[in-house]
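Sequential numbering from 1 along the given sequence is applied to the chain's residues. In this text the structure is predicted, and so the values were computed from the model without any measurement.
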Amino acid sequence: MAANSKEKVVAVIMVGGPTKGTRFRPLSFNTPKPLFPLAGQPMVHHPISACRTIPNLAEVFLIGFYEEREFALYVSSISTELKVPVRYLKEEKPHGSAGGLYYFRDLIMEDSPSHIFLLNCDVCCNFPLPDMLDAHIRYGGMGTLLVSKVSAESANQFGELVADPVTNELLHYTEKPETFVSELINCGVYVFTPEIFSAIQDVSRHREDRATLHHFPSFEAFQLATRSLPRDFVRLDQDILSPLAGKKQLYTYETVDFWEQIKTPGMSLKCSALYLNQFRYTSPDLLALGDGTKNATIVGDVYIHPSAKVHPTAKLGPNVSISANVRVAAGARLINCIILDDVEIKDNAVVMYAIVGWKSSIGKWSRVQADGDYNSKLGVTILGEAVAVEDEVVVINSIILPHKTLNISVQDDIIL
């Protein structure tokens, strides 16, 4: 059963804010993490463009506590490009994943949508939103979560859950449990009916009632008990999903496609590869082609910004993403890397498993590389903004903070 053709749907994408994202340094010094490019497009672009596939989409809201000016330019250009209104809503303080939704409920409900999608910006997947909506309407509950199977060893890093194998009802939910519950995890993508607002309101009200019911021995004790969580701070996982599990309100939709969480620069390189690969099916026109005659040799999935200049004797790929105004000189070899705006890579340099920051330069015959372990801190080499690697210098498994000049080789190091 498809959604009624007149019913509107809105999407809300949580983008977080500058208090978080410390694990994304030194890249987050320059740009809000949601605008960091993966496969040549800002991180938040991937969920936004997936929202376009939702039938009757009326509007996309981004909720976060970055300054509005940081998103203004992107929001206006993406609205024009996708022909869908995108609005950035700034929280004055964090309200939690459900509290933020509730805080802006009047704006979100302005067009009386029948369904509300909620997505997290730092999730990388193929976002099967129309299928999820169909399943959600079939289930007839208040909300449906996108879930995925992961290895039993890694499951405790996420919200683990138990679902009914026949009805897909969410039976049990626990956030980052100490003991193994299930290899099914919460992917951070949801669709709700507007009833979600009443559920969030109930949590706030219940919390307030509990605070007034208890007789505290002192004002300090009362403050301590109620300060732990303000009544308008509501977490989706612990405050909504856990208590409503097993009450025929919440259901699950399993994806068997790729899913990752983008917490670190290393993971952003891995996710860039996943998105580049997805472009083969969704936007093949974004992928570069070349056989080394007029254009550089291209191996696998590569994105090159139209303003970049790449020498025909260079060889790029797999998993290479090249941003605006980059210059790649003769004989350079690039593998598994993200090259940010205005970088210069000189003759015969090699870049492998690395992220090269804005306005950096890599000298002739230099190597900037790592062993490619996306989960380890130094598994991907990162150059911050305006780092100059001089000729014949080798940088291995290292993080270099902005505005440094390297004239000697470094390995397994963080250069402050």
**Q** Check whether Asp373 reaches the backbone of Asn375 with its side chain - one donor and one acceptor, N or O, closer than 3.5 Å.
**A**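 A pair under 3.5 Å: yes.
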**Q** How long is the span from the CD1 atom in Ile240 to the CD atom in Gln238, to the nearest 0.5 Å?
**A**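 Nearest 0.5 Å value for the CD1-CD distance: 11.0 Å.
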**Q** May I ask you to decide if the ring planes of Phe192 and Tyr190 are parallel, tilted or perpendicular, using 30° and 60° as cut-offs?
**A** parallel
**Q** Do you know which two heavy atoms are closest between Tyr66 and Pro32, and how far apart they sit?
**A**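 Minimum heavy-atom contact is CE2-CB, 3.5 Å.
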**Q** Looking at side-chain heavy atoms only, is the closest gap between Cys121 and Met43 below 4.5 Å?
**A** yes
**Q** On a heavy-atom basis, which atom in His172 and which in Val181 lie closest, and how many Å separate them?
**A** CD2-CG1, 3.9 Å
**Q** Do any N or O atoms from the side chain of Trp259 and from the backbone of Cys187 form a donor-acceptor pair under 3.5 angstrom?
**A**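 Flag set: sc Trp259 to bb Cys187 pair under 3.5 Å.
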**Q** Where the side chain of Thr31 meets the backbone of Ser28, is there a donor-acceptor pair that is under 3.5 Å apart?
**A**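 A pair under 3.5 Å: no.
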**Q** Mind checking the CD-SG spacing from Glu260 to Cys124? Nearest 0.5 Å is all I need.
**A** 7.0 Å
**Q** Going through the checks in order, is the side chain to side chain contact (heavy atoms under 4.5 Å, CB included) test met by Leu286 and Leu276?
**A** CA-CA 9 Å; Leu286 289 175; Leu276 282 170; over 6 Å; no
**Q** Side chains of Asn325 and Asp341: donor-acceptor distance under 3.5 Å anywhere?
**A** no
**Q** Is the shortest side-chain heavy-atom distance between Val12 and Phe104 below 4.5 Å?
**A** no
**Q** Tell me if a side-chain donor or acceptor on Asp239 pairs with a main-chain N or O of Arg235 at a distance below 3.5 Å.
**A**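 Side chain of Asp239 to backbone of Arg235, a donor-acceptor pair under 3.5 Å: yes, one is there.
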**Q** Please report the C-alpha distance between Thr293 and Asp291 in whole Å, then the side-chain angles of each, then the deciding distance to 0.1 Å, and finally whether the side chain to side chain donor-acceptor pair (under 3.5 Å) criterion is met.
**A** CA-CA 6 Å; Thr293 48; Asp291 57 4; 2.6 Å; yes
**Q** Any side-chain heavy atom of Thr193 sitting closer than 4.5 Å to one from His115?
**A**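 A side-chain contact under 4.5 Å exists here.
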**Q** Looking only at heavy atoms, what is the nearest atom pair of Leu340 and Val326, with distance?
**A**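 Smallest interatomic distance, heavy atoms only, reads O-CG2, 3.3 Å.
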**Q** Is the side chain of Lys33 donor-acceptor paired with the backbone N or O of Ile262 at a distance under 3.5 Å, no angle test?
**A**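 Yes, the answer is positive, given that a donor and an acceptor are paired below the 3.5 Å cut-off.
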**Q** Is Lys270 close enough and on-axis enough to Tyr374, meaning under 6.0 Å and within 45°, for cation-pi?
**A** no
**Q** Within a radius of less than 6.0 Å around NZ of Lys364, do more than 12 heavy atoms belonging to other residues, nucleotides or ligands occur?
**A** no
**Q** So how far is it from Ile196 CD1 to Leu244 CG, rounded to the nearest 0.5 Å?
**A**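 Atom-to-atom, Ile196:CD1 and Leu244:CG are 7.5 Å apart.
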**Q** Looking at OH of Tyr251 and CG of Leu171, how far apart are the two atoms once the value is rounded to the nearest 0.5 Å?
**A**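 Answer for the OH-CG pair, Tyr251 versus Leu171, is 9.5 Å.
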**Q** Within the structure provided, determine whether Val86 and Ser79 are in side-chain contact (heavy-atom separation under 4.5 Å).
**A** yes
**Q** Check whether any side-chain N or O of Ser283 sits under 3.5 Å from a backbone N or O of Phe279 as a donor-acceptor pair, and report yes or no.
**A**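 No: the side chain of Ser283 does not pair with the backbone of Phe279.
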**Q** Which heavy atom of Ile116 sits nearest a heavy atom of Phe197, and at what distance?
**A** CD1-CE1, 3.6 Å
**Q** Would Leu236 and Leu118 satisfy side chain to side chain contact (heavy atoms under 4.5 Å, CB included), going step by step from the backbone distance to the final call?
**A** CA-CA 11 Å; Leu236 192 62; Leu118 180 65; 3.7 Å; yes
**Q** Go through it in stages, so that I can follow the logic: the residues are Leu170 and Val147, the test is side chain to side chain contact (heavy atoms under 4.5 Å, CB included), and I'd like the CA-CA distance, side-chain angles, deciding distance and then a yes or no.
**A** CA-CA 10 Å; Leu170 179 70; Val147 302; over 6 Å; no
**Q** Can you name the closest pair of heavy atoms from Ile13 and Cys51 and give their distance?
**A**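 Heavy atoms of Ile13 and Cys51 come nearest at CD1-SG, 4.5 Å.
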**Q** Would you say Asn120's side chain and Asp122's backbone share a donor-acceptor pair under 3.5 angstrom?
**A** no
**Q** Side chain to side chain contact (heavy atoms under 4.5 Å, CB included) between Gln41 and His46: does it pass, once the steps are laid out?
**A** CA-CA 7 Å; Gln41 314 291 328; His46 300 282; 3.8 Å; yes
**Q** Between Ser361 and Ala388, is there a donor-acceptor pair closer than 3.5 Å when you use the side chain of the first and the backbone of the second?
**A** no
**Q** Do Val234 and Tyr102 come close enough that some side-chain heavy atom pair is under 4.5 Å?
**A**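 Heavy-atom side-chain distance check fails, nothing below 4.5 Å.
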**Q** I would like to know whether Glu183 and Lys149 meet salt bridge (charged side-chain N to carboxylate O under 4.0 Å, His left out); could you show each step before the answer?
**A** CA-CA 5 Å; Glu183 50 201 22; Lys149 277 200 179 78; 5.7 Å; no
**Q** Using side-chain heavy atoms (C-beta onward) and a distance below 4.5 Å, is Leu129 in contact with Leu119?
**A** yes
**Q** Can you tell me how far the CD1 atom of Ile48 sits from the CZ atom of Phe127, to the nearest 0.5 Å?
**A** 10.5 Å
**Q** I'd like to know if Arg327 and Glu344 make a salt bridge, using a cut-off of under 4.0 Å between side-chain N and carboxylate O.
**A** yes
**Q** Any donor-acceptor pair under 3.5 Å linking the side chain of Ser360 with the backbone of Gly384?
**A** yes
**Q** Taking the inter-plane angle between the rings of Phe71 and Tyr88 on a 0 to 90° scale, is it parallel (under 30°), tilted (30 to 60°) or perpendicular (over 60°)?
**A**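 Ring orientation, 0 to 90° scale: parallel.
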**Q** Are the side chains of Ile108 and Glu59 in contact, using a 4.5 Å heavy-atom criterion?
**A** no
**Q** What closest approach, in Å, do Gly266 and Val380 show between heavy atoms, and which atom pair accounts for it?
**A** CA-CG2, 3.9 Å
**Q** Among Val368, Val410, Thr381, Ile382, whose side chain to side chain contact (heavy atoms under 4.5 Å, CB included) with Ile400 holds?
**A**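 That would be Val410.
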**Q** Say whether, by atom type as modelled, one donor and one acceptor occur between the side chain of Ser272 and the main chain of Leu269 under 3.5 angstrom.
**A**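 Between the backbone of Leu269 and the side chain of Ser272 there is no qualifying donor-acceptor contact (under 3.5 Å).
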**Q** Looking at CE of Met352 and CG of Asp371, how far apart are the two atoms once the value is rounded to the nearest 0.5 Å?
**A**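 These two atoms lie 9.5 Å from each other.
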**Q** Using a 4.5 Å cut-off on heavy atoms from C-beta on, say whether the side chain of Tyr253 contacts that of Pro128.
**A** yes
**Q** Please test Phe24 against Phe36 for ring pair (Phe, Tyr, Trp, His ring centres under 6.0 Å), starting from the C-alpha separation and ending with a verdict.
**A** CA-CA 10 Å; Phe24 215 68; Phe36 182 79; 5.4 Å; yes
